[in-house]
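As C-alpha cells, the structure follows; a few thoughts come after it.
Atoms considered below: every heavy atom in the structure, side chains included; atoms not considered: hydrogens, waters and symmetry mates. This structure is a prediction, so every number in the text was calculated from the model and none was measured. Proteins get letters first, then strands, A, B, ... in listed order; numbering begins at 1 in each.
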Amino acid sequence: MIQIRNIHVRAKHVLLHDMNLSLPAHRFICLVGASGSGKTLLLKRLLDRLPDGMSSSGEVISDEPLRRGLDIGYIPQQYTDAFLPFLTMRQMLRDTYRAHGRKMDHPYIDDVLRTLELDPTWLDRYPGELSGGQLQRFAILFAVTLKPRLILADELTTALDPVLTRRLLDWLTEYQHQYGATILFVTHELGPALHYGEQLVLMQDGRIVETGTPQMIEQSRHPFTMSLMQAHRTSPEERKSSCTQSYP
Amino acid sequence: MKKRWLIFGGCLLFFISYTVFTNSFNTNIAKRLEPASFEHWLGTDGLGRDFAARLFLAGLISLGFSLLTVLLTACIGTCLGCLAGFYDGRLKHLIHRLEDGLVIFPDTVLALVIAGLFGASPQSLIFAILLIKWISYARLSETLVTETMQKPYISMARINGLTDSMILRRHILPPIIRQVVVLMSLDVGKVILFLSAFSYIGLGVQAPLPEWGTMLNEGRPYFSSAPRLMLLPGACIVLTVVATMGWTRWMKKKGGHVNDSDSEHTRSGETRPSA
C-alpha cells in the first residue's frame, strides 16, 4: 500500500492541491483526467523527479521501501528522449541490470520482446534507428526489466494502434497478477480505464475529483465524472456528425 | 588512408633512425656552421652539432611536451568540471572559488613567477600551464554537464536506479569528450608557442636539450652568416601550429562545437587577462 499524504506542488501557481490518496497493493489503478490536470506531475512527485523550479510538500508513504529501478518501473510520456542516442538498446538494458548487480535475464527479455512484438535484432539498434511506436514499446520493456512491484505508466498507449494497445494492457494485467505488482496507469481516455482498472482516480485542475471502482464511477453523479462518461458513451456516428456540424 | 599512414610511419621511422645514428649532442668545433652536406643534411650549428637531428629531436620534445601538458590539463579540468556540473553543493562552490582565484593571473606572468620560485625548467612550465589552462576545461565541461543533466535520459537513468558513477561514465562523459578533444587540439598549438617563447628567453627547456625556441635563441648570433639556424626552427613552429589548427578544423567537422575564440571558456562571460 502506498499512501499519498497532503501532496502539494507549486511553481508560480499551485499545480497539485493537497492530495490525499491510497494506492492499494496488487491493483490496476487508473489515473484519469484531461490534459493539464496534473496526472504526470503526480507521477513525477511519486518518483521524486519534479522539474526545476517546483516545490512540494507532503509525503509518500510505502509499506515496503521503494528502490528506484528495482521496485519502481516508469514508462514515460515523452519516450523519444528517454534513451541515450549513442548506446544501443542492448547496451542500455545491460547497464540497467549492471546497476543492480544482476545479469541479463534473457528468457524473460525474449518473452517480453515477443509480447511487445519487438524483433530481438532491434536490441542492437540505436534509438535513432527505431520508430516512435517501437521506442514506446522499448520504454515498456525497460520499465519491466527488473520485474518491479510498482509500475507507473504515463499515457502508455498514445503511439500504439488499438490492437497492440489491447494486447499490451492485457499483458500488463497478466504481469500484475503474475508478479503481484501495482500498476498506476495514467490516461486521458475513460474507455481503457473502465475496462482494465480495478480502481479509478479522476483528476481535474490539480485536484482529485473522485475515486472508486469502475462501477462506482459509472454511477457517479459528480458533474466532471458525468461529463467524462458522456464523452465516453458518445457513439462514433454521433462524434462524426458533431464534427460535421462544427466544420461544415 | 592506410597508404597515407604507412608513408607517415615510414618517414617517422626514417627520421628517428637518422637522429639516433647522428648524435645530436656531439659537439665538434672544427665542423661548426658547416653548410648542408650528405653527412649533415641541414648542416651544423654554432657548436658543430648536426642541425637536422637536433631539429627533429626538438620537434619530438615540443610535441611530446605539449601533448603531455594538454592531456594532463584536460584530464584535471574535465574531472573537476564534471564534478562541479554533476554535484550541486560545497564541492561546486569550492571549484568555482578556485577558478575565480586563479583566473585573475595572466598566464605569462604566472609562468614567470613559478619559474622564479621553482627555477627555470620544463616542469615549472608544465605546472604553470596546468594552473592556468585547467580552468577552460573545467568551465567547458561544467557547462556541457549542466546541459546534459537537463536531458530526459538522465532523469530516466536515475529512475532506473543507475549509480552516479555509471551516469557520469556512460551518459555524460561520451558526449562531452568530443568537445574536450577539440579544445585540446586548439591548445596543443598554443602550448607549443608558449613553450617556444619561454625556451627562447631561457625559462623553458634547458641546454643541451634541443627545443625549437631554444634553437631560435642559439641561432640568433649567426643570423647573418647562417640564417637557416633561425629560419628553420621558426618555420617548424609555424607549420606545427598551422597543422594543429587544421586538425582542430577537421575535429570540428566531425562534430565538436568549440569556438576558436572560446578556448578560454567562461562561466558568465568574464575574460581572463593575458599578458
Of all heavy-atom pairs between B:Gly161 and A:Ala99, which one has the smallest distance, and what is that distance? O-CB, 3.8 Å
Go through the steps for B:Arg158 and A:Leu47 under the test side-chain contact (heavy atoms from CB on, under 4.5 Å), then give the verdict. CA-CA 10 Å; B:Arg158 287 201 186 280; A:Leu47 289 163; over 6 Å; no
How about CD on A:Gln91, more than 12 heavy atoms from neighbouring residues, nucleotides or ligands closer than 6.0 Å, or not? yes
To the nearest 0.5 Å, atom CG of A:Leu146 lies from atom CG of B:Asn160 at 8.0 Å
Would one find more than 12 heavy atoms of other residues, nucleotides or ligands at under 6.0 Å from atom NZ of A:Lys147? yes
d(A:Asp81 CG, B:Ile154 CD1) to nearest 0.5 Å is 12.0 Å
As an exercise, state the distance from CZ of B:Arg170 to CG of A:Leu87, rounded to the nearest 0.5 Å. 5.0 Å
Please report the interatomic distance NE2(A:His100) to OG1(B:Thr163), rounded to the nearest 0.5 Å. 9.0 Å
Surrounding CZ of A:Arg27 (heavy atoms of other residues, nucleotides or ligands, distance under 6.0 Å), is the total greater than 12? no
What is the minimum heavy-atom distance between A:Phe86 and B:Tyr153, and which atoms define it? CE2-OH, 4.4 Å
Supply the atom-to-atom distance B:Ile172 CD1 to A:Leu84 CG, rounded to the nearest 0.5 angstrom. 9.5 Å
How about CZ on B:Phe15, more than 12 heavy atoms from neighbouring residues, nucleotides or ligands closer than 6.0 Å, or not? no
Looking at A:Phe28, I'd like to know if its CZ atom is crowded, meaning that more than 12 non-hydrogen atoms belonging to other residues, nucleotides or ligands lie closer than 6.0 Å. yes
For the student: nearest non-hydrogen atoms of B:Met156 and A:Ala82, plus distance: CG-CB, 3.5 Å
Between A:Thr96, A:Asp52, A:Asp95, which has the largest tally of heavy atom pairs under 4.5 Å with chain B? A:Asp95
Please say whether more than 12 non-hydrogen atoms of neighbouring residues, nucleotides or ligands are located less than 6.0 Å from NE2 in A:His177. yes
